[in-house]
Amino acid sequence: MKKIRLDRYLSESGLGSRKEVKKLIKQKRVAVNGKIINDPSKHVDPEKDKVFLDDLPVEHKKHHYYMFNKPSGYITAKEDKNYPTVMEFFEDNPFYNKLFPVGRLDIDTEGLLLITDDGQLGHRISHPKWEVEKEYYAVVKGNISDTNTDKYKKEGLKFKNFKTKPFNIKVLSSSTEKSEITITVKEGKYHIVKKIMEKLGHPVLYLKRIRIGNLKLDKTLESGEYRELTQKEIKQLKKLVNLKA
């Protein structure tokens, strides 16, 4: 990694805006490799140099990654004139202005949403070229055990104007009134899961995303809560779309 300015290092580490961290530096509260530095323009190597604020180590992060458990009633967007958005849960986050949701979940769909400021990763996870699996838990109308879903693992499903990529449905329980399933798709077309189930004669009553690639929704996250991804989770996601970790 190339050397970067000290004020940028501190800002990207979540300590405030460039203007705010410059004040910390001028107050002689920042040390690099044991030496107090009062010049914001000093360049540091994020991989080699050790930076401290008030004797506490400061870890540099170029990008930030969060797992969010989206509640119903919020749209997946940065801002909207008519509806509350998922980004309202991140308003106190120091990187709020840079963050964005990856892909989309409908306003009434719950579950796993990736929030990041890594544009390249976000683009690849969303792009159909990379065929990143998205798994959903759904409650659908009617007895789906009466429907032959095996053929869609190979063929996909034909609509008037497009054909889906192959998808997989696993039946968890079924009755005359409703069925519980998981459905795994490899594309992010608008309302794709709802459209598939509607065409199969089993309209969706409830939908929740539980997995993106090998990233599973943390069961300890309550609706509306988020946490940072672990380094292992970040590496796995990047490997999935052929990005260097």
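This is a predicted model, so every value here is computed, not measured.
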Any salt bridge linking D108 with K194? Criterion: basic side-chain nitrogen under 4.0 Å from a carboxylate oxygen.
yes
Starting from the C-alpha separation in whole Å, work towards a yes-or-no answer on side-chain hydrogen bond (donor to acceptor under 3.5 Å, both in side chains) for E228 and H64.
CA-CA 8 Å; E228 284 193 79; H64 307 83; over 6 Å; no
Just verifying a value: how many Å separate K154 NZ and F167 CZ, rounded to the nearest 0.5 Å?
14.5 Å
Looking only at heavy atoms, the pair that brings S179 and N143 closest together is OG-CA, 3.5 Å
So with a 6.0 Å cut-off around NZ of K98, is the heavy-atom count from everything else above 12?
yes
With a cut-off of 6.0 Å (strictly less than), are more than 12 heavy atoms of other residues, nucleotides or ligands near CG of D92?
no
Would one find more than 12 heavy atoms of other residues, nucleotides or ligands at under 6.0 Å from atom CD of E88?
yes
Out of curiosity, I212 CD1 to I125 CD1, how far, rounded to the nearest 0.5 Å?
6.5 Å
From CA spacing to verdict: side-chain contact (heavy atoms from CB on, under 4.5 Å), K134, R211
CA-CA 6 Å; K134 283 89 174 177; R211 179 172 64 86; over 6 Å; no
How about NZ on K141, more than 12 heavy atoms from neighbouring residues, nucleotides or ligands closer than 6.0 Å, or not?
no
Quick one: do I144 and M197 satisfy side-chain contact (heavy atoms from CB on, under 4.5 Å)? Show the steps, please.
CA-CA 10 Å; I144 198 171; M197 298 315 302; 3.5 Å; yes
Could you tell me the separation between the CG atom of L172 and the CD1 atom of I169, rounded to the nearest 0.5 Å?
11.0 Å
So with a 6.0 Å cut-off around CD of E59, is the heavy-atom count from everything else above 12?
no
For residues I210 and V171: do they belong to one hydrophobic cluster (side chain heavy atoms under 4.5 Å, members Ile, Leu, Val, Met, Phe, Trp, Tyr)?
no
For L113 against V102, the heavy-atom pair lying closest together
CD1-O, 3.7 Å
Would you say E177 has more than 12 foreign heavy atoms packed within less than 6.0 Å of its CD?
no
To the nearest 0.5 Å, tell me how far K178 NZ sits from Y206 OH.
12.0 Å
Looking only at non-hydrogen atoms, find the nearest pair between A138 and L207 and report the distance.
CB-CD1, 3.7 Å
side-chain hydrogen bond (donor to acceptor under 3.5 Å, both in side chains) with Y65: of D117, T116, D118, only one passes, and it is D118
Using side-chain heavy atoms (C-beta onward) and a distance below 4.5 Å, is E12 in contact with H60?
yes
Indicate the ring-plane relationship of F162 and F159, choosing parallel, tilted or perpendicular according to the 30° and 60° boundaries.
parallel
Taking Y137's backbone N and O only, do any of them form a donor-acceptor pair with T182's side chain (distance below 3.5 Å, no angle check)?
no
Any idea how F90 and Y226 line up, ring-wise: parallel (<30°), tilted (30 to 60°), or perpendicular (>60°)?
parallel
Do the non-hydrogen side-chain atoms of D218 and E225 ever get within less than 4.5 Å of each other?
no
Is there side-chain contact between L10 and L53, with heavy atoms separated by less than 4.5 Å?
no
Checking side-chain contact (heavy atoms from CB on, under 4.5 Å) for the pair F89/K70: CA distance, chi angles, key distance, verdict?
CA-CA 9 Å; F89 293 88; K70 176 190 175 296; over 6 Å; no
Beyond-backbone contact of E133 with N168, side-chain heavy atoms, under 4.5 angstrom
no
Under a 4.5 Å cut-off applied to non-hydrogen side-chain atoms, are V21 and Y9 in contact?
no
Checking L237 against V241 for the side-chain contact (heavy atoms from CB on, under 4.5 Å) test, could you report, in this order, the C-alpha distance in whole Å, the side-chain angles of both residues, the deciding distance, and whether it holds?
CA-CA 7 Å; L237 277 180; V241 292; over 6 Å; no
Using only atom types and a distance under 3.5 Å, with no angle test, would you say the side chain of S11 pairs donor to acceptor with the backbone of D7?
no
Nearest 0.5 Å, what's the NZ-NE2 distance between K129 and H127?
7.5 Å
With the 4.5 Å side-chain cut-off for hydrophobic clustering, are I4 and I37 part of the same group?
yes
Taking every non-hydrogen atom, the tightest pair across E110 and S72:
CG-N, 3.6 Å
Got a donor-acceptor contact below 3.5 angstrom from the S13 side chain to the L15 backbone?
no
Separation between NZ (K42) and NZ (K35), nearest 0.5 Å, reads 7.0 Å
Crowded around K78 NZ? As in, over 12 foreign heavy atoms under 6.0 Å?
yes
Could you state whether I25 and V51 fall into the same hydrophobic cluster, counting links through intermediate Ile, Leu, Val, Met, Phe, Trp or Tyr residues with side-chain heavy atoms under 4.5 angstrom apart?
yes
Less than 4.5 Å apart, any side-chain heavy atom of S41 and any of R5?
yes
Nearest heavy atoms of T76 and P101, plus distance in Å:
CG2-CB, 3.5 Å
I'd like to check N69 versus E222 (side-chain heavy atoms, cut-off strictly below 4.5 Å). Are they in contact?
no
G111 backbone acceptor or donor facing R209 side chain under 3.5 Å
no
Let me check something: do I115 and I234 share a hydrophobic cluster, defined by ILVMFWY side-chain heavy atoms less than 4.5 Å apart, either directly or through other members?
no
Any side-chain heavy atom of P40 sitting closer than 4.5 Å to one from K26?
yes
Which heavy atom in N242 sits nearest to a heavy atom in R124, and how many Å separate them?
O-NH1, 3.2 Å
Inspect the surroundings of CG in D55 and state if more than 12 heavy atoms from other residues, nucleotides or ligands are less than 6.0 Å away.
no
Hey, quick one: are L215 and L243 part of the same hydrophobic cluster, counting side-chain heavy atoms closer than 4.5 Å, chains of contacts allowed?
yes
Short side-chain donor-acceptor distance under 3.5 Å, Y66 and N93
yes
